[in-house]
Structure formats: structure tokens, C-alpha cells
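A short write-up of the structure that comes next.
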Amino acid sequence: MNARLLPYVLILPVTLFLCLFFLYPFLLVSKQAFSTGAGFTLDNFREVTSYWKFPITMRNTLLLAAAVVPIQLALALLMATMVNRMKKGRDLVLYVWTIPLGISDLAAGIIWLAIFEQSGFLSSMMSGLGLVDKPVNLLTFQNPGIVFLAIMLAEIWRATAIMLVILVAGIGLIPKEYYEAAEVFGASHWKRFLRITLPLLRPSLQTALVLRVILAFEIFAVVAALSGTLFPVLMGETYAYQFDLLNSGAAAAMALIILAISIAFTLIILRVLRVPKGATI
Amino acid sequence: MAQIEIKNVAKRFGSYQALHDINLTIQDQEFMVLLGASGCGKTTLLRIIAGLETATTGEVWIGGRRVDHLAPRDRGIAMVFQNYAVFPHLTVFENIGFGLRMQKLPNDEVKGRVERTAELMHIEQLLKRYSGELSGGQRQRVAVARALAMEPDVILMDEPLSNLDALLRMEMRAELKGVLAASTTTAIYVTHDQVEAMSMADRISVMHQGEIVQAASPIEVYRNPAAEFVAGFIGNPPMNFLPAAPAGDGKWSVAGQVMDGPSSGKPLKFAIRPEDMRPADTGLTATAKVVEPLGAHLLITCEVQGSMFRAVLDSDMSVKPGDQLTLAPQPDRMRWFDPDTTLAVA
């Protein structure tokens, strides 16, 4: 086999797979989004963006991402640093922390619903302790704050581990000698974290953040389980267009809007966390 | 002012005793080399002085201050690491200035000191580069400059030249020695390379199996090894050993030849350096096995009464394998060791 051709031959299967199951459907969705039956049009986009719910769903989605991702990042960094320091039981702790990763997002939503609903653990506990007279439903439209908080908690519980595993791998790759050098040259624990760990972790931080932010814009099942329609998000609206209103053109337009936001944030993250030219990390 | 005192330092890793009761005083501004084969504990001792490792027992004093409970950054030390540990995400300038920034020195002070040290190490044209854009030798210079910029009382070096090629190593050796001699820093330098140790040190501590076997000036270590290990470790080729049987008071029979030696009742080992042998009419009878012309001299591996024996002779001698030689040891260069304790006998 020609050595120059070999790499292309080797990536051919996965390329075909991606073309068939990602690129082709993507083109179909795009076509659907930009047409209403007759020629190219932006009507679908006009329709979804002018709908009164659109700004709310957009705001909710961005707000949730803005509230959840930084907390997850901080938690994941803290947990990764802790795991990395452990001498014994490191793998066990890591496995336990990543259990939520193995649970589907709908199931995760239902687990947290079991805590927050009227007959749930939290309500029963509060009434058992005499804090409230009778079991209360916390997840109602009168308590938008609690609904938001419940969704946040569920998301943090469910999806912090995906960042954690990436960061643990990244931290493990940083040579110990850099920390020793920094220590000898006067850096405290905190300074070593700021001046060594964070900059050298940039490639892993990029991956973790890109992945996590994209997933945050696709949030759907957790929100559906916990809030029903109390807290509309972009993906929920897309679902409603497709399956409730049977308007697949509008659903396709929504999907492309979500894609555009994801790409925009990915570019921002890559730009902000770029490695300076010439530096090798 | 930084004299370093190591008092009864021992280190255990689980059941493995890496260091046994080390006692060593390093004078202010002295260049001390810790020399030994890998696994002898020299790096562990250095790391204990640095504070990167904790001694199981014992005390470390630097400049009259007990430091073994202090963090590395509070010990007034700087260090050059074996793999340099030049931070890849910082420019050469920021690498050299790292310690100064940690001390929160004003910007112009940092700039001044970084530029001064960079000039001293001939890397002033590299200040804007990143580690990945440097050669091994340049990275090494950055690592040394980073340590010197701290103007530390003590500079610790862990095999700093071992990753360089031979020619560069020789060049850096001389340069490092010059730079450190010009400073007022006390230096501890770990190496397994005896040439490095001999050429740079004010004093060498030869370490073996977690103990310091001898701490003395290079020439003393070479001429008067305190133990058989030192005699066999230092010098290339190493010292020759032959069994010696007592032959009356102060007389010893070595390979059939009677020689003057110390007065001792039990059998000893006779030792002589290969270059301290001269062809003569009377002496040890040797059969040449391998002859290696090395240009400046001739290295002859021969056999003396069943023992391997090496001699370094003048290069215009013509010797062929199988030749019989009569080699006389220089009397003032003969050394004697007790085979039981392996220590030198005077």
C-alpha cells in the first residue's frame, strides 16, 4: 500500500460514516430550514424568532448556561486537583464521582424531581421536621427561583463529571518538575495553581469547556422533567415545533440557531484559551 | 553567608533505607559535588536540602538557621533541575523572572536582574522566545539563569548537564564553574559523572548506598581514596587491586613481589592507579591481553597472576597482546585496603 495514501484510506470509513449520518442529515435540515416548499427563504427563521416565546427561551438557555458552566468549571477544577493529590483510593473516588455520567439526562431530571416534587424527599422532610404544615409543591410557577435552582442543581450533579474526567487527565499530564520548580522559586499552592496548573491545562480546559457549553445549549430532558413548560428553553421549543406543531421547517430553523450559538461560543472559548504562538504545552 | 550543615539526616522510603545518618558541613561559598552511581541517595539528599523531600530523621541548617521544617521557598535556595523544568507557557524572560515575580519585586528591578543574568549566561537574544523554541543547551542556560537571578544563598543543581551532548557538556562545565566562582553562592551539585565532579568541585562527597564514603578535595579523593569503593569508582580506568600477603614487619608479598607497606597482621589489598606504573627491570610480571592506543598514551589491559590489571603507558612504547611486561609501581602512589572493612590502611 502506498504510504502516502494509507492515512486517507484509514480515515475513509469514519469519513463515510460522518458524511452519511451527520453531514447528509445536516444538509437536509439546512434545506428544510431555508425553504417553505418554494425556493430559498428566511421565512422559517422569521417565524421562530418573531414568536413571543423566542426571547424568553433564548434568555433562559443562556442564563442557565451562564449559571451552571462556571460553577461546574470551578467544581471540576477543585475535584480534579483533589483527586490528583490523592495517593490511595484515587480511582475509586473518581469512579464514584463519575457515576452521574452514566445516567441519562431524563433519568437525572426524574431523580431530582423525586426530591423537589410535592410528595418528594425535600417536601416530606420539611413537613416531617415541622418547617411547613403540609407537603408543598416547590416546582410551580409561583417559585421560578426554586425551579431554576432545581434545574441548576440537577445539571451540576449530572454533568460536572464530564469536565472532571477531561481535567483529571490534563492535570495528570503536567510534569511534576514544573510544580517543584515553582515551589522552589517561591510560588504558594494558590500561585502554583494560577501560574502553572491553569496555563498548562489550557488545551484540556478548551476541550472541557467547548464540550460542556455545547451540551448546555442542548439542555432539554432535565428541564422537561423538572419544570414541564415552566422554564422554556431553545431545545424544548425545537421539540415542540417538530412534534406538537408538526412544523419541521421551524424546528429545523431552531436547530440551526442552536448550532450557530454553539459555534460562536466554541470560537470564543478557543480564542480566549489559545496557547500563545511559539509556546508548546 | 550560607554554610550548610546536615546533621544525622536519614531517609526511609517504606522499608528501603535511602540515606543512613548523613553528616556533612558545606562551607560558605564552597562548591560541593555529591558524586555517586544512580540510586546512591545523592539526589534524595539534595531534595531534602531543597525541601522537596522530608528527611525521616535529622536536621538541615542553612546559614545558621534550622530549615528542615520550612517550605522550599523560605530556605533561601534556588535550584537547577535535571530536565531543566523551564516553564513551556512562559517566555525566557518570564522564566528567568519567575522567582523575582513571586517575590513581588518592582518591574524595573525584575527587568534589570533578568537582563543581567541573561547576559551572564549569553542568552540575552532569546528573552522573547518560548522553551519549545530553544535547544537543550539553551534551555539549560535558562534554567541556570533562573536560579542565578534569585541571587540565592545556596544554589542546588541536580545533574544539570546530564542531558547535554558531550561537547556542550564540557563547554557548560567550564562556564558554570566560572559563573559560580564569580558569585558568592554556596553550590551543591549532584552528578554521577566523575569528570564533572573532579573538574568543578572544591570538595567532592562520594556517596555509596546511602552513605557518604569520603568528602574531600578532588585530588585527595583521587590520590587517597578512603575506601575501596572510592578507589574503584573514581578514575577512568579505575584503580587496580591485587591481594597482598604479609611477609614480615611492614613487608608485603604482591604477585610474588615483595613491597613495603603498612604494618598490619592480616592480609590486605594492594592498590595502584594505572598511570602510576612504569616499565622497569624488576616489578610485577604482567601478560598483555588487550592494547588500546589512545593517542596521548597506551592503555594496556593485562593479567597479573590471574587478576585483571590495567596500565597506562607512554604511547611510543610498542606492546603487542601476549607480550610479557615488567611493571614497577611508583612507591609513593601505592595504597592499601583492608578487605574486611574495605577502608584504606595507612
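First the proteins, then the strands, lettered A, B, ... as listed; each starts at 1.
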Can you see which heavy atom on [X] is nearest to which on [Y], and at what distance?
X      : Y      : value
A/A181 : B/R146 : CB-NH2, 4.0 Å
B/P72  : A/V184 : CB-CA, 4.0 Å
A/F185 : B/A78  : CE2-CB, 4.0 Å
A/A182 : B/F87  : N-CZ, 3.8 Å
A/R195 : B/M102 : NH1-CE, 3.4 Å

Within a reach of under 6.0 Å around OH of A/Y24, are more than 12 heavy atoms found that belong to other residues, nucleotides or ligands? no

Reported [atom1]-to-[atom2] distance for the pair [X] and [Y], which is rounded to 0.5 angstrom:
X      : Y      : atom1 : atom2 : answer
A/E177 : B/D158 : CD    : CG    : 7.5 Å
A/K176 : B/N83  : NZ    : CG    : 12.0 Å
A/E183 : B/M79  : CD    : CE    : 10.5 Å

Mark yes or no for whether B/H89, through its side chain, and A/P276, through its backbone, hold a donor-acceptor pair below 3.5 Å. no

Test of understanding: with ring pair (Phe, Tyr, Trp, His ring centres under 6.0 Å), list the residues that count as partners of A/F231, not counting sequence neighbours. A/F148

Go through the atoms of [X] and report whether side chain, backbone, both or neither lie under 4.5 Å from a heavy atom of chain A.
X      : answer
B/L90  : side chain
B/A143 : neither
B/V86  : backbone

Does anything in residues 200-219 of chain A pair up under ring pair (Phe, Tyr, Trp, His ring centres under 6.0 Å), and if so which pairs, sequence neighbours excluded? A/F217-A/F265

Interface residue of largest heavy-atom contact number with chain A, from B/G51, B/A50, B/P88, B/G99, under 4.5 Å: B/P88

Output the option from A/P199, A/S188, A/G186 having the highest count of non-hydrogen pairs under 4.5 Å with chain B. A/G186

Of all the residues in residues 108-141 of chain B, which have a heavy atom that comes within less than 4.5 Å of a heavy atom in chain A? B/Y130, B/G132, B/E133

Residues of residues 29-49 of chain B within contact distance of chain A, non-hydrogen under 4.5 Å: B/R47

